[in-house]
Amino acid sequence: MKLKRPYYLQPDVVKLAKDLLGKVLVSKTGNFLTSGIITETEAYNGIIDKASHAFGGRRTNRTEVMFAEGGISYVYLCYGIHNLFNIVTNVKDIPHAVLIRAIQPLKGEKHILQRRNAKALNKNLCVGPGKVTNALGINREHNALSLNGNIIWLEDDNIKPKDILIGPRIGVDYAGEDAKLPYRFWVEKI
DNA sequence: CGTACGATCTGCT
DNA sequence: GCAGATCGTACGA
C-alpha cells in the first residue's frame with residue numbers, strides 16, 4: 001500500500017518521523033527495484049530547529065526544496081561524499097523534513113549487496129544515512145522528486161515496530177540546545 | 001573570489 | 001579508536 005499525499009502533509013514532523021519506522025522505502029533507480037524497511041529516522045523541525053538546514057527561514061538553492069509541499073525528496077551531499085535522503089513533510093512554506101538513517105534490506109538484496117560492495121547481509125550493511133542512499137542507488141539527481149511517482153516511493157506494508165528507541169540526533173553538535181532534542185527514532189529489531 | 005566546514009564512511013591501527 | 005577522504009554550499013569580502 002503506497003503512502004499518499006495526505007500522509008506527508010501531517011503537521012507534526014517528530015511524530016511522523018517515529019511513524020515512519022516500519023514503513024518501506026522503495027527505489028527503482030537504474031533498472032532494478034530495491035527496497036528496505038525503515039529502521040532509523042531523524043526529524044528536522046523547520047525554521048525553529050538549529051540543526052535544520054532551514055533554520056531561521058534560510059532559503060537558498062539547496063534548501064528551497066524543503067519549503068515545497070510535503071511528499072517530495074530532499075537529497076543533498078554531506079562531507080563531500082555522501083548523499084543523504086530526506087522526506088519533505090508538512091504543507092508548502094513549512095520546511096519540515098525527516099532524514100532516513102537506516103533500513104533493513106527487503107527486495108533486490110542482490111543489487112543492494114552489489115552497490116554496497118558486500119558479499120553477504122550483515123547488521124550494519126544499511127545502517128547510516130550514506131549507506132541507505134548507496135544501497136538504494138539514490139543520489140542528488142533524485143532531489144526534489146515526487147514520492148508519488150514511480151522512481152522513489154514509500155509503502156505501508158503493515159509492519160508494526162515495537163521497542164522503539166528514542167534519543168538525540170547524530171552529528172548536530174553545532175545546534176546548541178537543539179542538539180539534545182529527542183528527535184531520533186530507531187528500532188534494533190523489526 | 002576565498003574560505004570554512006559539514007544531518008559520514010571506511011580502513012587501518 | 002582515529003584520521004583521511006573530498007566537494008558543494010553558504011557566507012563574507
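We name chains A, B, ... by the order of the sequence lines, and we start the count at 1 in each one.
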Students often get this wrong, so: under 4.0 angstrom with heavy atoms, is A/Asn134 touching a base, only sugar-phosphate, or nothing?
nothing
With A/Thr34, the side-chain hydrogen bond (donor to acceptor under 3.5 Å, both in side chains) member among A/Lys28, A/Lys107, A/Arg115:
A/Arg115
Using only side-chain N and O atoms of A/Arg116, determine if any of them is under 4.0 Å from OP1 or OP2 of B/dT10.
yes
Protein-nucleotide distance (A/Lys131, atom NZ; B/dC9, atom P), rounded to Å
6 Å
Rounded to the Å, how far apart are A/Leu84 CG and B/dC9 P?
7 Å
Looking for any heavy atom pair under 4.0 Å, which part of the strands does A/Arg62 touch: base, sugar-phosphate only, or nothing?
sugar-phosphate
Does either side chain, that of A/Asp19 or that of A/Tyr7, offer a donor lying less than 3.5 Å from an acceptor on the other one?
yes
Taking all atoms of both residues into account, what is the closest heavy-atom pair of A/Gly167 and A/Trp186, and its distance?
N-CZ3, 3.4 Å
Kindly point out which of B/dT8, B/dA7, C/dT9 is positioned nearest to the side chain of A/Met66?
B/dA7
Taken to the nearest whole Å, CZ/A/Arg101 to C1'/B/dT8 is 9 Å
Mind calculating the distance between CD1 (A/Ile170) and C1' (B/dG6) to the nearest angstrom?
15 Å
How do A/Leu77 and A/Pro129 order along DNA chain B: which one's closest nucleotide is nearer the 5' end?
A/Leu77
Counting any heavy atom closer than 4.0 Å, what does A/Leu99 reach on the DNA or RNA strands: base, sugar-phosphate only, or nothing?
base
Between B/dA7 and A/His53, counting only base atoms on the nucleotide and side-chain atoms on the residue, is there a donor-acceptor pair under 3.5 Å?
yes
Nearest-nucleotide pick for A/Asn86, side chain only, options being C/dA10, B/dA7, C/dA5
B/dA7
Is a donor on one side and an acceptor on the other found under 3.5 Å between the side chain of A/Glu64 and the backbone of A/Arg59?
no
What about the rings of A/Tyr76 and A/His53, do their centers lie closer together than 6.0 Å?
yes
Under 4.0 Å from OP1 or OP2 of C/dT9: is there any side-chain N or O of A/Arg58 that close?
no
Here the distance between atom P of C/dC7 and atom CG of A/Asn83, to the nearest Å, is 12 Å
Separation of A/Phe55 atom CZ from B/dA7 atom P, in whole Å?
14 Å
Which label fits A/His111 and A/Phe32: parallel for a plane angle under 30°, tilted from 30 to 60°, or perpendicular past 60°?
parallel
Partner nucleotide, any strand, of B/dA7 [Watson-Crick/G-U, under 3.5 Å]:
none
Rounding to an integer number of Å, can you tell me how far A/Tyr76 OH sits from C/dA10 P?
11 Å
Should C/dC11 form a Watson-Crick or G-U wobble pair with both distances under 3.5 Å, which nucleotide is its partner?
B/dG2
Nearest-angstrom distance from the residue atom CG of A/Asp173 to C1' of B/dT8:
13 Å
Please check the phosphate of C/dT9 (OP1 and OP2 only) for any side-chain N or O of A/Thr60 closer than 4.0 Å.
no
Determine whether the aromatic ring of A/Tyr174 stacks with the base of B/dG6, defined as ring centroids separated by less than 5.5 Å and ring planes inclined by less than 30°.
no
